[in-house]
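Heads up: the structure comes next, in structure tokens.
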Amino acid sequence: MTKPKQAIKLNNDMSKLASVHRHQIAIQIAIGKLEKKLEQNEHYIETLMEANQDPNESMVNAYAKINKNEIYANIFHENLKL
């Protein structure tokens, strides 16, 4: 009677092993999905940062042009006085 008990134990062990293996596969799939989502989020953040830099740079350029125009206006006014 030891063989049927061993067979039952072996069958239970194989079932547990198969279950663990299925869980490992599910975890690997979940990790893959999370890694892909993380890459997408990183790309999205980089895109937002690039988009945020452009307006800041254009504002700096706009202020530089304003300052330059003010200097030209002051020179023009000084020339009118002469």
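All figures in this text were calculated on a predicted structure; none of them were measured in a lab.
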Could you state the interatomic distance from CG (N69) to CG (N74), rounded to the nearest 0.5 Å?
11.0 Å
Give, for atom NZ of K9 and atom CG of N12, the distance between the pair rounded to the nearest 0.5 Å.
8.5 Å
Would you tabulate the side-chain donor-acceptor contacts of residues 15-27 under 3.5 Å, counting partners in other chains and residues two or more places apart, or write 'none'?
from : atom 1 : to  : atom 2 : distance (Å)
S15  : OG     : N11 : O      : 3.0
H23  : ND1    : S19 : O      : 2.6

Would E78 and K81 pass as an ion pair if we require N to O under 4.0 Å?
yes
For residues 40-47, run the donor-acceptor check on the side chains, cut-off 3.5 Å, and write out each pair with its distance to 0.1 Å, sequence neighbours left out.
from : atom 1 : to  : atom 2 : distance (Å)
T47  : OG1    : H43 : O      : 2.9

